[in-house]
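Report on the structure given below.
Just so we're on the same page: letters track the sequence lines, and every chain starts at 1. Keep in mind that the numbers below use all heavy atoms, side chains included, and drop hydrogens, waters and symmetry copies. Note that the structure is predicted; figures quoted are calculated from it, not measured.
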2 protein chains.
Amino acid sequence: MRMLYQPDVNEINLSTVFYALSDQIRLDIIKTLAEIGEQSCGALEINVPNSTLSHHYKVLRESGVTHTRIEGTQRFISLRHNDLNTRFPGLLSAILQGLEPGKSS
Amino acid sequence: MRMLYQPDVNEINLSTVFYALSDQIRLDIIKTLAEIGEQSCGALEINVPNSTLSHHYKVLRESGVTHTRIEGTQRFISLRHNDLNTRFPGLLSAILQGLEPGKSS
DNA sequence: CCTTTAATTCGAATATATTCGAATAATTGA
DNA sequence: TCAATTATTCGAATATATTCGAATTAAAGG
């Protein structure tokens with residue numbers, strides 16, 4: 001398969017990250033990743049068609065929020081915790097805290 | 001003039017806030033507000049037509065990021081620092097830190 | 001090879017956002 | 001009441017995003 005673009009740490013852009021996080025499905029994805037760690041695309045139980053999900057994975061990856069590791073026919077997605085924390089200290093943990101139950105994200 | 005909608009603290013929604021912050025002009029606005037505090041709409045030196053600016057002010061206000069105070073024919077805009085901090089602790093300061101020079105927001 | 005599995009890409013429909021000139025609204029002060 | 005000031009709203013053009021079925025790609029295993 002084609003190369004997957006993922007930005008370098010210091011190319012991660014704040015408005016692009018915010019755009020990636022402005023969609024409820026994508027917030028659901030990163031919430032799940034935060035809770036249960038790296039997951040294959042198929043393992044995330046989100047109730048939308050695969051082609052739609054794939055689009056959201058791409059937005060997250062290209063914004064620098066997630067990292068994708070290829071293993072066989074699967075893609076394993078994880079949060080770029082360290083990179084985000086390096087570039088924008090405190091941002092990710094504030095976001096994840098904001099996604100906790102009762103926060104009506 | 002018509003009533004200005006601004007959400008209650010606990011109605012501020014994370015994905016809506018991120019949407020509001022996903023635009024470079026709006027990030028410029030909140031950066032300026034963070035630096036020099038409450039400003040009238042006209043005092044913010046941002047090089048786009050008034051009708052466009054007004055649109056961005058509305059997005060920021062309705063997302064809960066800014067507060068608008070009416071005084072005569074002017075609107076004074078400010079960041080809802082306390083409200084945001086109550087609802088999403090640490091988020092605003094991480095954002096403002098991310099907007100500092102050299103961060104290519 | 002052929003099939004299965006896992007996921008992406010394509011393409012087209014639909015929905016949402018952005019932009020900005022012109023018109024409008026509200027307030028103040030002459 | 002008229003004009004000036006400040007800002008919003010309207011409306012229409014343009015641009016961008018979202019959605020999802022169908023086709024495609026890639027790897028693994030028989």
Side-chain angles (χ1 to χ4, degrees), chain A residues 1-7 13-30 32-33 36 38-78 105, chain B residues 1-7 13-30 32-33 36 38-78 105:
Chain A
M1 262 182 197
R2 190 177 306 176
M3 227 268 281
L4 300 177
Y5 171 73
Q6 341 208 25
N13 177 286
L14 203 51
S15 64
T16 309
V17 166
F18 288 142
Y19 165 67
L21 299 176
S22 68
D23 179 277
Q24 191 54 56
I25 293 176
R26 294 194 290 263
L27 280 181
D28 290 348
I29 293 169
I30 76 146
T32 305
L33 292 178
I36 59 182
E38 188 190 58
Q39 289 295 308
S40 75
C41 288
L44 289 163
E45 301 199 338
I46 293 184
N47 211 33
V48 289
N50 260 317
S51 52
T52 302
L53 260 190
S54 212
H55 162 73
H56 290 302
Y57 292 146
K58 187 184 185 192
V59 172
L60 286 169
R61 179 171 40 76
E62 292 187 343
S63 75
V65 171
T66 59
H67 175 258
T68 301
R69 178 170 68 80
I70 298 181
E71 190 179 313
T73 58
Q74 295 183 97
R75 307 277 180 292
F76 287 88
I77 306 178
S78 56
S105 59
Chain B
M1 262 180 196
R2 189 178 305 175
M3 227 269 282
L4 300 177
Y5 171 73
Q6 344 208 22
N13 177 286
L14 204 50
S15 63
T16 308
V17 167
F18 288 141
Y19 165 67
L21 299 177
S22 68
D23 179 278
Q24 190 55 57
I25 292 175
R26 293 193 291 263
L27 280 182
D28 290 349
I29 294 169
I30 75 146
T32 304
L33 292 178
I36 59 181
E38 188 188 60
Q39 288 297 308
S40 74
C41 289
L44 288 164
E45 300 200 340
I46 294 184
N47 210 33
V48 289
N50 260 318
S51 53
T52 301
L53 261 190
S54 212
H55 162 73
H56 290 302
Y57 291 146
K58 188 184 184 189
V59 172
L60 286 169
R61 179 171 40 74
E62 292 186 344
S63 75
V65 172
T66 59
H67 175 259
T68 301
R69 179 171 67 80
I70 299 180
E71 191 179 310
T73 59
Q74 295 183 97
R75 307 279 180 287
F76 286 89
I77 307 180
S78 56
S105 58

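One atom, CZ of B:Arg69, and another, P of D:dA7, lie 12 Å apart when rounded to the nearest Å. Note: NZ (B:Lys58) to P (D:dT6) measures 23 Å, nearest angstrom. Rounded to whole Å, the distance from CG on A:Leu4 to P on C:dA6 is 18 Å. Taking atom CZ of A:Phe76 as the reference point, atom C1' of C:dT5 lies 13 Å away to the nearest angstrom. Rounded to whole Å, the distance from CD on B:Glu62 to C1' on C:dA17 is 14 Å. If you measure from atom CD1 of B:Ile29 to atom P of D:dA7, you get 13 Å, rounded to the nearest angstrom. Spacing between atom CZ of B:Arg26 and atom P of C:dA17 amounts to 9 Å, rounded to whole angstrom units. Rounded to an integer number of Å, the gap from B:Asp23 CG to C:dT19 C1' is 11 Å.
Put simply, A:Arg75 has no side-chain N or O that comes within less than 4.0 Å of OP1 or OP2 on D:dA26.
For A:His67, there are no side chain to side chain donor-acceptor pair (under 3.5 Å) partners at least two apart in sequence or on another chain. B:Ser40 meets the side-chain contact (heavy atoms from CB on, under 4.5 Å) test with B:Ala43, B:Gln74, B:Phe76; sequence neighbours excluded. The side-chain contact (heavy atoms from CB on, under 4.5 Å) check on B:Thr32 picks up B:Ile36, B:Leu44, with sequence neighbours excluded. When the side chain to side chain donor-acceptor pair (under 3.5 Å) test is applied to B:Glu71, the partners found at least two apart in sequence or on another chain are B:Arg69.
Side chain of B:His55, nearest nucleotide from D:dT8, C:dT5, C:dT19: C:dT19.
A distance of 5.5 Å separates CD1 in A:Ile46 from OH in A:Tyr57, rounded to the nearest 0.5 Å.
Comparing A:Glu71 and A:Ser22 along DNA chain D, the residue whose closest nucleotide (by nearest heavy atom) sits nearer the 5' end is A:Ser22. Residue-to-nucleotide proximity on DNA chain D shows that, of A:Gly72 and A:Ile25, the 5′-proximal contact is made by A:Ile25.
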Run the side-chain donor-acceptor check on residues 47-55 of chain A: report pairs under 3.5 Å with partners two or more places apart or on a different chain.
none

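In this structure, B:Tyr19 reaches the sugar-phosphate backbone alone: every heavy-atom distance under 4.0 Å involves primed, P, OP1 or OP2 atoms, never a base. Nucleic acid contact for A:His56: sugar-phosphate only, since backbone atoms but no base atoms lie under 4.0 Å from a heavy atom of the residue.
B:Ser63 and B:Pro7 get closest at one heavy-atom pair: C-CG, 4.0 Å.
Contacts between residues 38-54 of chain A and DNA chain D, defined by a heavy-atom separation below 4.0 Å, involve A:Pro49, A:Ser51, A:Thr52, listed by number.
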